[in-house]
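A short worksheet on the structure shown next.
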Amino acid sequence: MKIATFNVNSINKRYELVQKWINSNSIDIICLQELKTTKEFSLLNECFISNQKQFNGVATCSIFPIQASKTLYPARAIYTKINNIHIINIYAILGDLYSEKFEKKLNFYNQIIKFISKFDLTKEKLILLGDFNIIHKNIDVFDANQWEGHVTFLPEEREIMNQLLSLGLYDSYRELYPNKKEFSFFEYRDKKFERGLRLDYILVTKPILSKIENIYIDINPRHLSTPSDHTPVVMDINDR
DNA sequence: ATGGCTAAGATACTTAGA
């Protein structure tokens with residue numbers, strides 16, 4: 001079973017690209033961020049969506065029935081239960097440097113942590129994925145020295161990621177590939193793909209981690225015409 | 001070192017992204 005996270009930066013602009021990418025990669029569950037519209041759309045068999053006009057917006061779409069669903073934070077965080085797996089899809093607030101928005105970002109994560117803490121993370125199958133707008137470690141940024149002091153890479157943000165992992169979540173990509181320096185985001189202005197960031201993560205509990213067959217960041221969509229500035233992360237798990 | 005781009009919404013410029 002393949003589950004993916006993809007910040008599409010407008011589903012209006014990217015609908016065909018996303019649809020084709022889902023088909024060519026045989027994706028079963030896709031978690032989208034930055035829909036940027038309230039316009040209706042459908043992908044796979046069914047979607048659970050929380051959106052708003054112009055900004056933000058998240059959707060989880062699946063070929064399997066969505067057994068339960070809940071909005072945790074409007075247009076930014078949704079919970080779905082699919083194949084008895086708890087899936088939390090987030091588009092974290094970016095925040096400005098130590099501003100009111102930064103406080104909101106910390107508060108956003110506190111709400112997420114509070115929600116996932118209700119689950120027994122040693123036993124439950126749970127996936128927390130999406131655009132975290134956090135760079136965890138030096139290897140997750142093109143140049144740690146150059147990016148120091150920038151929002152996404154502040155000590156408080158890196159500590160949030162530490163906190164999530166201390167709860168019993170694992171960074172699936174990093175668990176499988178401790179030394180790979182690949183990124184899920186490049187600014188549009190960075191035409192040479194020299195200044196990448198890893199902002200999109202798939203965190204999983206141990207019962208999921210042990211079933212991972214493959215995980216990859218697919219850079220290919222980033223090279224298509226009118227791409228998103230993010231590129232998808234895909235996890236293949238053995239669900240037999 | 002700077003500026004470089006893209007998208008949405010309301011109108012040709014602003015806000016936001018990170």
Side-chain angles (χ1 to χ4, degrees), chain A residues 5-19 21 31-41 43 49-59 73-77 89-109 112 129-161 164 171 173 181-202 217 219-233:
Chain A
T5 178
F6 195 174
N7 178 324
V8 292
N9 187 21
S10 166
I11 192 64
N12 279 342
K13 285 273 178 187
R14 235 70 67 194
Y15 183 75
E16 270 187 46
L17 184 153
V18 172
Q19 202 171 35
W21 180 83
C31 297
L32 304 172
Q33 302 88 31
E34 281 209 88
L35 303 173
K36 287 187 162 179
T37 182
T38 52
K39 204 180 133 193
E40 293 282 321
F41 70 94
L43 286 167
I49 302 172
S50 179
N51 57 21
Q52 67 180 70
K53 191 174 159 183
Q54 191 169 6
F55 302 120
N56 313 323
V58 288
Y73 196 111
R76 286 198 180 267
N89 172 10
I90 66 168
Y91 171 53
I93 292 164
L94 170 61
D96 289 326
L97 219 51
Y98 299 122
S99 67
E100 204 172 297
K101 276 189 186 173
F102 192 72
E103 291 304 311
K104 276 191 177 175
K105 183 175 197 171
L106 301 179
N107 182 49
F108 170 85
Y109 273 109
I112 298 300
L129 78 171
D131 177 357
F132 284 58
N133 272 323
I134 293 178
I135 294 159
H136 188 206
K137 299 208 166 153
N138 290 5
I139 194 175
D140 301 313
V141 51
F142 66 99
D143 183 339
N145 290 327
Q146 209 178 317
W147 205 247
E148 200 187 315
H150 283 75
V151 76
T152 65
F153 200 43
L154 301 175
E156 293 86 344
E157 302 177 279
R158 303 175 70 179
E159 190 49 40
I160 287 168
M161 195 61 89
L164 289 169
D171 178 354
Y173 176 84
K181 196 166 177 179
E182 292 180 325
F183 308 113
S184 64
F185 169 87
F186 294 89
E187 271 199 51
Y188 283 119
R189 289 171 284 200
D190 178 13
K191 296 294 185 192
K192 293 176 182 169
F193 300 103
E194 289 174 334
R195 296 158 58 88
L197 313 173
R198 191 165 74 100
L199 301 176
D200 303 85
Y201 298 79
I202 304 181
I217 298 174
I219 195 68
N220 292 317
R222 197 64 186 75
H223 298 302
L224 301 174
S225 68
T226 64
S228 170
D229 42 4
H230 290 253
T231 208
V233 186

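Proteins come first, then strands; the chains are lettered A, B, ... in the order of their sequence lines, and each starts at number 1.
A perpendicular orientation is assigned to the rings of A:Phe186 and A:Phe183, their planes being inclined by more than 60° (bins at 30° and 60°).
Between the side chain of A:Asp200 and the main chain of A:Phe185, no donor-acceptor pair closer than 3.5 Å is present. Remark: side-chain polar atoms of A:Asn7 are not paired, donor with acceptor, to backbone N or O of A:His230 under 3.5 angstrom. Between the side chain of A:Arg195 and the backbone N or O of A:Asp190, no donor-acceptor pair lies under 3.5 Å.
The side chain of A:Tyr188 sits closest to B:dC5 out of B:dA18, B:dG4, B:dC5. The listed nucleotides are B:dG9, B:dG4, B:dA18; the one nearest the side chain of A:Arg189 is B:dG4. Closest approach to the A:Arg14 side chain among B:dA7, B:dA18, B:dG4 is made by B:dA7 (side chain taken as heavy atoms from C-beta onward).
Between B:dG3 and B:dA7, the two P atoms lie 22 Å apart (nearest whole Å). The separation of B:dA18 from B:dA8, taken at their P atoms, amounts to 14 Å, rounded to a whole angstrom. Between B:dT2 and B:dT15, the two P atoms lie 22 Å apart (nearest whole Å). Rounded to whole Å, the C1' atom of B:dT11 lies 35 Å from the corresponding atom of B:dA1. Distance check on atom C1': B:dA10 versus B:dA16 gives 15 Å, rounded to whole Å.
For the OP1/OP2 pair of B:dA18 and a distance below 4.0 Å, the side-chain nitrogens and oxygens of A:His230 include at least one atom meeting the criterion. Listed pair A:Lys53 / B:dT15 fails the phosphate criterion, with no side-chain N or O lying under 4.0 Å from OP1 or OP2. A close approach under 4.0 Å does occur between a side-chain nitrogen or oxygen of A:Tyr91 and OP1 or OP2 of B:dA18. For A:Ser10 and B:dT6, the shortest distance from a side-chain N or O to OP1 or OP2 is not below 4.0 Å.
Note: NZ (A:Lys104) to P (B:dA16) measures 10 Å, nearest angstrom. Taking atom CD on A:Gln52 and atom P on B:dA16, their separation rounds to 12 Å, with Å as the unit. For the pair A:Leu94 CG and B:dA7 P, the interatomic distance rounds to 18 Å; values are reported in whole Å. In this structure, the CZ atom of A:Arg195 is 13 Å from the C1' atom of B:dC5, given to the nearest Å. For the pair A:Lys101 NZ and B:dT15 P, the interatomic distance rounds to 10 Å; values are reported in whole Å. Between the C1' atom of B:dT6 and the CG atom of A:Asn12 lies a distance of 14 Å, rounded to the nearest Å. In this structure, A:Asp190 atom CG and B:dG17 atom C1' are separated by 15 Å, rounded to whole Å. In this structure, A:Phe186 places its CZ atom 18 Å from P of B:dC5, rounding to the nearest Å.
The 5' end of DNA chain B is approached more closely, in terms of each residue's nearest nucleotide, by A:Pro227 than by the other of A:Pro227 and A:Asn133. Heavy-atom nearest nucleotides on DNA chain B were determined for A:Lys36 and for A:Asp229, and the one closer to the 5' end corresponds to A:Lys36.
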Quiz item: Between A:Tyr73 and A:Tyr91, is a side chain to side chain contact (heavy atoms under 4.5 Å, CB included) present by the stated rule, with each step listed?
Solution: CA-CA 10 Å; A:Tyr73 196 111; A:Tyr91 171 53; over 6 Å; no

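Residue A:Asn56 is out of contact with every strand shown, counting any heavy-atom pair closer than 4.0 Å. Note on A:Phe132: nothing from the nucleic acid sits closer than 4.0 angstrom, heavy atoms only.
The shortest non-hydrogen separation linking A:Ala77 to A:Ile112 is CB-CD1, 3.7 Å.
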